[in-house]
Amino acid sequence: MEKPYIVSSPPYMRNGETAHCLMFDVYIACLPIALASVYFFGLRAFLIMFLGALTAKMTEAAIQIFFKVGRGSFRDLLTMRPFFYNTISNEEITVVDGSAVVTGLLLALTLPPTVPLWMPVVGSFVAIAFGKHVFGGLGHNIFNPALVGRAFLLAAWPGAMTTWRPPVTWFGSAETVDAVSTATPLAALKMQGQTTPLLDVLIGNCGGCVGETSAIAVLLGAAYLLYKGTISWHIPVSYLGTVCVLALVLGGDPLFHLFAGGLMLGAFFMATDVVTSPVTCLGRILFGCGAGILTMIIRQFGGYPEGVCYAILIMNSLSPLLDRVTAKHVKQNEIQVPLLKRVGKS
Amino acid sequence: MDGFLPTFLRREQAPPKSGKRAHTQPSVRPDVPKRVVIPLQDHPDDPYEVLVEKDQQVAMYQQVGICGSETDSIVAHASVSGKVVDIGSRLHPLGSPVISVTIEACDNGLEVNTRPFREWDGSSVSDFLRQKGLPLSYGCFDTCSVLVVNVTEFEPSFTSGCRLLFEEPEEVTSGLKILLEACSADRAVVMVEKKQPDVVMAVEDICRAVDNVRMEAVDSPCPVTVHELTALQCAYEKNQADTRDQNRMLVVDPQMLVAVHNAYVLGIPFVEQLIALSGSGVHAPHNMWVRHGTMLADIILQAGGNVSTIGRVNIGGPMIGLPQHTLEVPIIKPARGIFAAVALAFDEEHHSRFYQRCACVRCGKCVDVCPAGIVPNIIAELVESRRAEEAAEMGLFSCLECGLCHYICPSIIPLVELFKLGKVRLKGTDALLTFRSFKMLSGEPENR
């Protein structure tokens, strides 16, 4: 008569969110940026993003199948059937979780629209292979893989990575766009001392990378991420706030520094990468402040006109340290009840 | 494909409050059960004393045994009048078979003289309350400085505290007054949620009636295990000879205040409690007065549940609870609710591969949501790599085992299970707060 009931550790409720949902949120948030980039730079921008995402996915699939399934069983490859079965049923193959596409897409957003089409392919391969899977896959990487790919491309082919062109004019004038070369607003400010109108910088009608020119599109995507709770406000607010304050101190235009270059994309999409940023609230705020200081130092005193990429990469290497410093430490066996601290005080 | 597609709306960051119906519906008082089993121990090694014999007719409120040693004991009372049919080993909700007194209910006309405190010849109120079988934290009775009444609803549908405030406000007020005079605390704080305006109004009435009582409206509810954690903190600070005694707290819930009033003024021992029934296994979430020692099967049948479809039962709620493998266990004094779910609702075998555990993506949601302010993902990593001492330095023993981190984790990491594992590895099962909070003896917490 009596049947045993299932006994397991509570809780028995979940809010149903998985890591895949976090990745999907980033796709949706990238949608306005992708649309803006296609509007300003033509279908070539779409091609760059598509190639970046596709290569990232295929690289991750190849690496996981080779190391998780195919390792030591090349005979399976010949007979095929167990190979396919192993590939489908292996729980370690996490390529379906979509994190590779996020990496490839974010990498493509940081490339200039004039790059040759093999460069997003190479960049995505480096980002996934050497930025992510060398460290052990999702959740174990130290540096943001998309920025690793961009840093590699910038170091290897600096000429192609710093050639810009003005936005496509869809209506009206018939000038040939390919011949004209232009500078990003930050480079123009640094090299020639020219300032770009703030409205152009805001809506993206200026030279720059595929995804970073239109600050409005980035803010739209970021609003969705903040609403969904995929990212928290700590890093973007402290990052942008530090840049703003430092721009005032160093005598620049704070609004121009906020909206020009890749700062918006970096603050909302790159620095908030969950794997490589600290987990504690104070750690996140310190991370954002550090990234802001480094960005402004590179922008004002460094050789590059833009410093977001390297600032975030340097702060990524510090995030385990920030976690360790800012996490709560207690004495051996000490018990604290912070929940009731306010109640007990008064 | 569940877990694959996103919802375009923000996910809940805390368990939903599904107890709206239970919140407004009056509590029910079912029939007297045919049989009650009153355990005298929590563990087979605990000391106990039996005061009745087999085949003896007992009256309601008669003492049937003493749980615990001489210095730390509470008295067990018969919750129905009837005949003692068995004194022997019975399964206890905490997992082991313990000595219990089984009483078969019948109307035998016997009566026991219940004496209130003013007719009692003993010395202190705490001894009197032990005599009346109240499971309070007597360890911090003489050292606490703040009396905290927790009326927040942490578990979904756990509305028994709110119902007591609505239905028996005089008893709650009087109990608070008595307890505030009896223990060493000079002030009391009632914790309520801001989102429950009707509870806030009820508490405001109580605050007006008693001196030195303040209402604290909090944003998020307070888990029930905080009672045990404050008791442990009290013991720790006492052992450390720490002078920070201005923050020692005694946390009680409205159920205990009603019991204190009944015992002190009317002399009625603590034999009946209001428990909340929730989950898909019962007809609808509601509150029910049950006698101690009633079998879970009887309670669930009374609540309109179908025993044959139930697949999971635990004493407590879905977030903090004590899972049971059978319905043939009695309800115990510290229990405030029963969660019963039908078998289909949690078929873990049929989840898609997106609901399987993956590596921690360090999203930090567990850190944002943790009421204890610790870093769950790093502690879980340390426990899993068998470095529990380091985990203790990161605040493992401040964990409330409330389950919010598990609720929110997108990587499906069993965080609470890992914390419990770490606690058991370092200190044994007594360190588990959920385990302690369901123990009947609530005297001096031992040195830890």
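Here is the naming used below: chain letters follow the sequence lines, and residue numbers restart at 1 for every chain.
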Using 0.5 Å steps for rounding, measure from the [atom1] atom of [X] to the [atom2] atom of [Y].
X         : Y         : atom1 : atom2 : value
Leu327(B) : Tyr5(A)   : CG    : OH    : 3.5 Å
Phe8(B)   : Tyr227(A) : CZ    : OH    : 11.0 Å
Ser411(B) : Leu138(A) : OG    : CG    : 7.5 Å
Asp323(A) : Ile378(B) : CG    : CD1   : 4.5 Å
Glu17(A)  : Tyr407(B) : CD    : OH    : 10.5 Å

* Asked: Is it the backbone or the side chain of Arg324(A) that comes under 4.5 Å from a heavy atom of chain B, or both, or neither?
  ->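 Nothing of Arg324(A), per the 4.5 Å heavy-atom cut-off to chain B.
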* **chain B contact via Ser99(A) - side chain, backbone, both or neither, heavy atoms under 4.5 Å** => neither
If I measure from the heavy atoms of chain A, does [X] come under 4.5 Å with its side chain, its backbone, both, or neither?
X         : answer
Leu400(B) : side chain
Val361(B) : both
Leu404(B) : neither
Glu155(B) : neither
Cys360(B) : backbone

If you count heavy-atom pairs within less than 4.5 Å of chain A, which of [options] leads?
options                                    : answer
Glu401(B), Lys420(B), Glu389(B)            : Lys420(B)
Gly364(B), Pro318(B), Ala297(B), Gly403(B) : Pro318(B)
Gln324(B), Met394(B), Met319(B)            : Met319(B)
Ile320(B), Ile374(B), Val251(B), Asn377(B) : Asn377(B)
Gly316(B), Gly321(B), Ala359(B)            : Gly321(B)
Glu12(B), Glu417(B), Gln13(B), Glu393(B)   : Glu393(B)

* Taking atom CE of Met215(B) as the centre, does the number of heavy atoms from other residues, nucleotides or ligands within less than 6.0 Å exceed 12? ->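 Buried by this count: over 12 neighbours within 6.0 Å.
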* Return yes when atom CZ of Phe130(A) has more than 12 non-hydrogen atoms of other residues, nucleotides or ligands closer than 6.0 Å, and no otherwise. =>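 Not buried by this count: 12 neighbours or fewer within 6.0 Å.
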* Could you tell me whether Arg284(A) and Asp368(B) make a salt bridge, using a distance below 4.0 angstrom between a side-chain N and a carboxylate O? =>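 Result for this pair is yes, salt bridge flagged.
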Could you tell me which non-hydrogen atom of [X] sits nearest to which non-hydrogen atom of [Y], and how far apart they are?
X         : Y         : result
Val330(A) : Ala392(B) : CG2-O, 3.4 Å
Arg10(B)  : Leu226(A) : NH1-O, 3.6 Å
Pro410(B) : Leu22(A)  : CG-CD1, 4.0 Å
Ser277(A) : Arg362(B) : O-NH2, 3.4 Å
Val416(B) : Pro11(A)  : CG2-CD, 4.0 Å

* Structure fact -> Looking only at Val274(A), Thr280(A), Asp273(A), the option with the highest number of non-hydrogen pairs under 4.5 Å against chain B is Val274(A)
* Asked: Considering only heavy atoms from C-beta outward, does the side chain of Pro16(B) approach that of Met13(A) to under 4.5 Å?
  ->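 Touching, per the 4.5 Å side-chain cut-off.
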Does the [X] side chain pair with the main chain of [Y], one donor and one acceptor, at a distance under 3.5 Å?
X         : Y         : answer
Lys328(A) : Ala372(B) : yes
Arg312(B) : Tyr12(A)  : no
Arg14(A)  : Cys409(B) : yes
Arg11(B)  : Asn15(A)  : yes

